[in-house]
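What follows is a short report on a single structure.
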Number of protein chains: 2
Amino acid sequence: MTTDARIPLSRERVLRAAVQLADEHGLRALTMRRLAEELGAEAMSLYYHVAKKEDVLDGIVDVVAEEINDAVARVEPSPDWKRTVRERILTARQVFLRHRWAPALFETRSSASIAVLRYYDALVGLMRDGGFSYDLVHHALHALGSRALGFSQELFDPGASASAEVPAELAWQLPNLVGMLSEIAHEDPDSTLGFCDDQTEFEFGLDVILDGLDRLRERA
Amino acid sequence: MTTDARIPLSRERVLRAAVQLADEHGLRALTMRRLAEELGAEAMSLYYHVAKKEDVLDGIVDVVAEEINDAVARVEPSPDWKRTVRERILTARQVFLRHRWAPALFETRSSASIAVLRYYDALVGLMRDGGFSYDLVHHALHALGSRALGFSQELFDPGASASAEVPAELAWQLPNLVGMLSEIAHEDPDSTLGFCDDQTEFEFGLDVILDGLDRLRERA
DNA sequence: ACCTGAACACCGTTCAAGT
DNA sequence: ACCTGAACACCGTTCAAGT
């Protein structure tokens with residue numbers, strides 16, 4: 001989907017096109033040459049608007065982070081810190097569902113973008129107002145990890161390794177896993193997303209942590 | 001550090017060299033050409049022992065996973081499930097500290113290696129014996145995420161963005177973050193690893209989750 | 001059976017040159 | 001000021017050829 005070549009390039013146009021390219025064809029398709037093609041320009045033209053590819057990657061992280069900030073800004077605060085924080089995080093998660101490549105990329109960035117810092121700043125403020133000490137907020141951010149931003153990279157999807165996919169010769173080595181999977185498959189035979197409902201699992205993990213943090217806050 | 005060229009290549013030698021190369025120079029240095037050079041061979045020779053680069057990456061994930069399995073096998077079980085699981089996870093973490101590139105790579109693998117599955121199988125068994133239903137174990141694995149395997153990718157290290165590094169013009173946009181960081185820096189002026197002690201934070205987050213899971217187990 | 005040289009299709013990036 | 005062509009140093013990988 002090559003766009004009109006008459007519109008002049010700009011950093012913003014480049015970044016928008018990069019996000020769209022990643023949305024449609026994944027991060028691997030995001031090469032400088034392909035990106036330029038998408039914009040109806042030559043690869044070398046991009047370098048007038050961005051320093052290098054890393055700059056593009058930093059840029060699209062920022063674009064997504066701004067999208068998150070816009071989304072969570074519409075969440076109306078509640079007197080209950082946990083309710084507000086929970087809703088903000090689930091709202092942020094919706095943005096990541098629109099940009100499936102983003103979690104992996106966010107984790108490769110070493111220095112946080114300004115937009116990400118603003119996101120965290122608001123979170124810190126909400127928890128502080130909810131009765132947390134700065135010290136506990138700090139621990140809380142580490143405990144939440146990427147969940148605070150709205151995603152949780154699944155290392156191993158128990159559902160993806162459903163019993164059917166495990167070769168019989170392997171099964172005997174994994175009695176507990178096989179047992180667990182067969183029971184789950186039995187109990188929830190028609191889950192839409194395979195055996196594990198990502199949304200349910202994300203909320204489960206999030207609530208375990210938020211509840212735990214709330215208990216620590218009360219005790220302190 | 002080129003090794004003796006007279007020793008014939010083998011899949012195992014290739015993978016060992018790949019791990020060592022990543023340990024010493026990072027994942028980015030792990031190219032087929034460089035790897036071959038390290039082994040005193042030509043890049044094309046590698047393809048007789050591995051299918052493609054992805055195969056090498058799958059392979060070194062497996063090597064690390066086996067290293068983890070060896071390490072946790074030496075953890076002696078306790079009647080308290082939480083104690084045992086906690087110690088196993090912290091033991092696994094030690095392995096990741098020796099292979100800093102591994103967390104990022106583990107997260108890019110879509111299908112889990114057999115060794116990783118064995119690790120999870122043992123974990124499932126321990127929790128099941130500790131009184132968990134299969135269903136709760138399943139939720140627990142999702143809640144722990146990569147922490148179950150012994151690492152937690154930090155998206156944004158609050159310590160890395162210490163107040164000193166935040167430009168003054170940005171600080172006013174981040175009042176809560178700046179407040180939090182200045183207090184933490186003040187309270188813990190001489191932490192070795194910067195402002196955040198990774199080990200402490202990892203254990204904090206792990207304990208929040210394990211305690212939460214234990215409470216859910218009791219209630220069920 | 002195991003290893004290699006030459007070659008291909010791709011990268012990101014520089015630099016001098018065009019308008 | 002903005003864009004481009006040619007070129008460079010790298011990738012992973014194929015394939016026919018060597019021993």
Side-chain angles (χ1 to χ4, degrees), chain A residues 1-63 101 104-105 108-111, chain B residues 1-63 101 104-105 108-111:
Chain A
M1 191 206 298
T2 306
T3 46
D4 198 328
R6 286 168 307 182
I7 307 171
L9 291 179
S10 68
R11 182 180 164 86
E12 199 188 318
R13 261 194 87 210
V14 170
L15 296 182
R16 280 191 193 289
V19 168
Q20 195 180 332
L21 185 53
D23 285 346
E24 289 173 6
H25 299 100
L27 259 190
R28 298 195 53 185
L30 177 53
T31 69
M32 297 302 273
R33 284 170 157 93
R34 174 83 185 265
L35 179 54
E37 191 185 340
E38 218 74 23
L39 288 159
E42 297 302 317
M44 303 74 204
S45 310
L46 302 177
Y47 288 88
Y48 192 83
H49 304 279
V50 297
K52 41 202 283 242
K53 191 180 180 184
E54 279 293 298
D55 190 22
V56 174
L57 298 180
D58 286 341
I60 61 177
V61 162
D62 229 70
V63 167
W101 47 271
L105 185 61
T108 66
R109 303 298 91 187
S110 47
S111 60
Chain B
M1 192 206 298
T2 305
T3 44
D4 198 328
R6 286 168 305 181
I7 308 172
L9 290 179
S10 69
R11 182 179 164 86
E12 200 188 317
R13 261 194 88 211
V14 170
L15 296 182
R16 280 191 192 290
V19 168
Q20 194 181 334
L21 185 54
D23 285 346
E24 288 173 6
H25 299 101
L27 258 191
R28 298 196 54 186
L30 177 52
T31 70
M32 297 301 274
R33 283 169 158 91
R34 174 84 186 264
L35 179 54
E37 192 185 340
E38 218 74 23
L39 287 160
E42 297 301 318
M44 303 72 204
S45 309
L46 303 177
Y47 287 89
Y48 193 82
H49 303 279
V50 297
K52 41 203 284 242
K53 190 180 180 182
E54 279 293 299
D55 189 23
V56 174
L57 298 180
D58 286 340
I60 61 178
V61 162
D62 229 69
V63 167
W101 47 270
L105 185 61
T108 66
R109 302 298 91 187
S110 46
S111 60

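Reminder, nothing fancy here: chain letters follow the sequence lines and each chain counts from 1.
- The environment of CZ in A:Arg109 is crowded: more than 12 heavy-atom neighbours from other residues, nucleotides or ligands sit within 6.0 Å.
- Residue A:His49 has no polar side-chain atom (N or O) positioned under 4.0 Å from OP1 or OP2 of D:dA1.
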Could you pull out every donor-acceptor pair under 3.5 Å between side chains of residues 29-36 of chain A and any protein atom, sequence neighbours left out?
unit_1: A:Thr31; atom_1: OG1; unit_2: A:Arg34; atom_2: N; d: 3.0
unit_1: A:Arg34; atom_1: NH2; unit_2: A:His25; atom_2: ND1; d: 3.4

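- Residues passing the salt bridge (charged side-chain N to carboxylate O under 4.0 Å, His left out) test with A:Asp55 are A:Arg11, sequence neighbours excluded.
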Are B:Leu46 and B:Leu39 close enough, and set up right, to give a side-chain contact (heavy atoms from CB on, under 4.5 Å), and what steps lead you there? CA-CA 10 Å; B:Leu46 303 177; B:Leu39 287 160; 3.9 Å; yes
Only Watson-Crick and G-U wobble pairs with both distances less than 3.5 Å should count. Give DNA chain C in dot-bracket notation, marking inter-strand partners with |. ||.|||||...|||||.||
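- With DNA chain D read from its 5' end, the first of the two nearest nucleotides for A:Tyr48 and A:Ser45 is the one closest to A:Tyr48.
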Check: protein-nucleotides 9-15 of chain D nitrogen or oxygen pairs below 3.5 Å:
unit_1: D:dG12; atom_1: OP1; unit_2: B:Met32; atom_2: N; d: 3.3
unit_1: D:dG12; atom_1: OP1; unit_2: B:Lys53; atom_2: NZ; d: 3.1
unit_1: D:dG12; atom_1: OP2; unit_2: B:Met32; atom_2: N; d: 3.0
unit_1: D:dG12; atom_1: N7; unit_2: B:Arg33; atom_2: NH1; d: 2.4
unit_1: D:dG12; atom_1: O6; unit_2: B:Arg33; atom_2: NH2; d: 3.1
unit_1: D:dT13; atom_1: OP2; unit_2: B:Tyr47; atom_2: OH; d: 3.0
unit_1: D:dT13; atom_1: OP2; unit_2: B:Lys53; atom_2: N; d: 2.8

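- Listed by chain and number, the residues in a side-chain contact (heavy atoms from CB on, under 4.5 Å) with A:Val63 are A:Leu15, A:Val19 (sequence neighbours excluded).
- With rounding to whole Å, B:Glu42 atom CD is found 5 Å from C:dT4 atom P.
- Across all non-hydrogen atoms, the minimal contact from A:His49 to A:Ser45 is CD2-O, 3.6 Å.
- Listed by chain and number, the residues in a side-chain contact (heavy atoms from CB on, under 4.5 Å) with B:Thr108 are B:Leu105 (sequence neighbours excluded).
- In this structure, NZ on A:Lys52 lies 10.0 Å from CG on A:Leu57, to the nearest 0.5 angstrom.
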